[in-house]
Structures are given as C-alpha cells and as structure tokens.
Amino acid sequence: RRAASPLLRRVFGGIARDEARHALFSLALDDWAMPRLRPVERRRARESREEAHAELRGAIVREDARSQRALGVPDEALGHELAALLA
C-alpha cells in the first residue's frame with residue numbers, strides 16, 4: 001500500500017496476501033501442535049519463537065527516506081511497532 005509505484009504496490013500486495021496466509025496457517029498449526037507437545041518441547045518451541053522475534057527486531061534497519069518512499073518500507077519506528085505486535 002505504501003510503495004510509490006502502482007506496479008510495486010500490486011506485486012507487494014500479492015506477496016503480502018501470500019505471506020498472510022502462511023502466517024494464519026502457522027498460527028493454526030501452533031494451536032494444534034502445542035497441546036500435543038511435552039512440556040520440554042513446548043518450552044523449546046517458545047524459546048525458538050522468542051529467538052525468531054529477537055532476530056526480526058534486529059533485522060529492522062534504517063533505510064534512506066527515498067528508498068522508504070519508493071518501496072513503501074516502514075520507517076524504523078513503525079518497523080519496531082509492527083514487530084512488537086508479533087510478540
């Protein structure tokens with residue numbers, strides 16, 4: 001939605017929809033799998049999730065303003081806000 005080019009908005013929109021479907025599947029799989037795991041396995045799964053979230057937060061980089069506008073990349077502050085929603 002934020003990319004400057006209509007072509008990029010269309011391409012990124014398709015990617016976003018596909019990634020949203022992957023995320024929904026992952027949440028459903030988590031809901032199904034977690035009750036079936038032993039406590040030690042649930043702990044490992046939670047730790048892995050926390051590590052992945054920390055990696056995501058660390059991957060948020062400051063882009064130059066021109067690239068942000070052209071590609072529709074959230075600025076650093078919004079990137080951290082969006083990552084926090086996943087916690």
Side-chain angles (χ1 to χ4, degrees):
R1 292 182 186 148
R2 298 168 48 121
S5 157
L7 174 62
L8 287 179
R9 286 194 299 271
R10 194 168 47 255
V11 170
F12 291 158
I15 293 169
R17 282 186 294 280
D18 194 40
E19 291 302 323
R21 284 191 298 272
H22 294 158
L24 289 173
F25 174 73
S26 294
L27 291 171
L29 181 59
D30 185 72
D31 286 345
W32 175 85
M34 289 301 269
R36 290 166 170 77
L37 298 176
R38 296 184 315 228
V40 67
E41 294 166 330
R42 282 194 296 271
R43 180 181 52 77
R44 279 192 232 137
R46 281 191 301 274
E47 288 170 355
S48 292
R49 186 179 304 127
E50 289 168 6
E51 288 173 18
H53 190 251
E55 186 177 322
L56 173 65
R57 288 190 315 266
I60 296 170
V61 296
R62 183 175 301 175
E63 295 284 339
D64 65 90
R66 185 174 178 211
S67 293
Q68 278 181 311
R69 282 190 303 276
L71 299 175
V73 175
D75 63 25
E76 188 176 12
L78 181 56
H80 285 289
E81 286 179 36
L82 294 170
L85 292 173
L86 300 173

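Keep in mind that what you see is a predicted model, and the values were worked out from it rather than measured. What you see below is based on every heavy atom in this structure, not just the backbone, and it leaves out hydrogens, waters and symmetry mates.
- In this structure, CG in L86 is found 10.5 Å from CZ in R57, a value given to the nearest 0.5 Å.
- Closest non-hydrogen pair, D30 versus P35, comes out as O-CD, 4.3 Å.
- Atom OG of S48 sits about 12.0 Å away from atom CD of E41, to the nearest 0.5 Å.
- The structure places CG of L37 at 12.0 Å from CZ of R43, a figure rounded to the nearest 0.5 Å.
- Residues P74 and G79 approach most closely at CB-N, 4.1 Å, considering heavy atoms.
- Atoms CZ and CZ, from R46 and R42 in turn, are 7.0 Å apart once rounded to the nearest 0.5 Å.
- In the hydrophobic cluster analysis, where Ile, Leu, Val, Met, Phe, Trp and Tyr join through side-chain heavy atoms closer than 4.5 angstrom, F12 is grouped together with L7.
- In terms of hydrophobic clustering, with Ile, Leu, Val, Met, Phe, Trp and Tyr side chains grouped at heavy-atom distances under 4.5 Å, L24 and W32 are assigned to different clusters.
- In this structure, E55 places its CD atom where only 12 or fewer heavy-atom neighbours from other residues, nucleotides or ligands lie under 6.0 Å away.
- With 3.5 Å as the limit, one finds no donor-acceptor pair spanning the side chains of H53 and R49.
- In terms of modelled atom types and a separation under 3.5 Å, the side chain of R9 and the main chain of R2 share no donor-acceptor contact.
- Atom CD of residue E51 and atom CZ of residue R44 lie 12.0 Å apart, to the nearest 0.5 angstrom.
- Atom-to-atom distance recorded for R66:CZ and L71:CG is 10.5 Å, nearest 0.5 angstrom.
- A continuous path of Ile, Leu, Val, Met, Phe, Trp and Tyr side chains, each step under 4.5 Å between heavy atoms, connects L78 with L85, placing both in one hydrophobic cluster.
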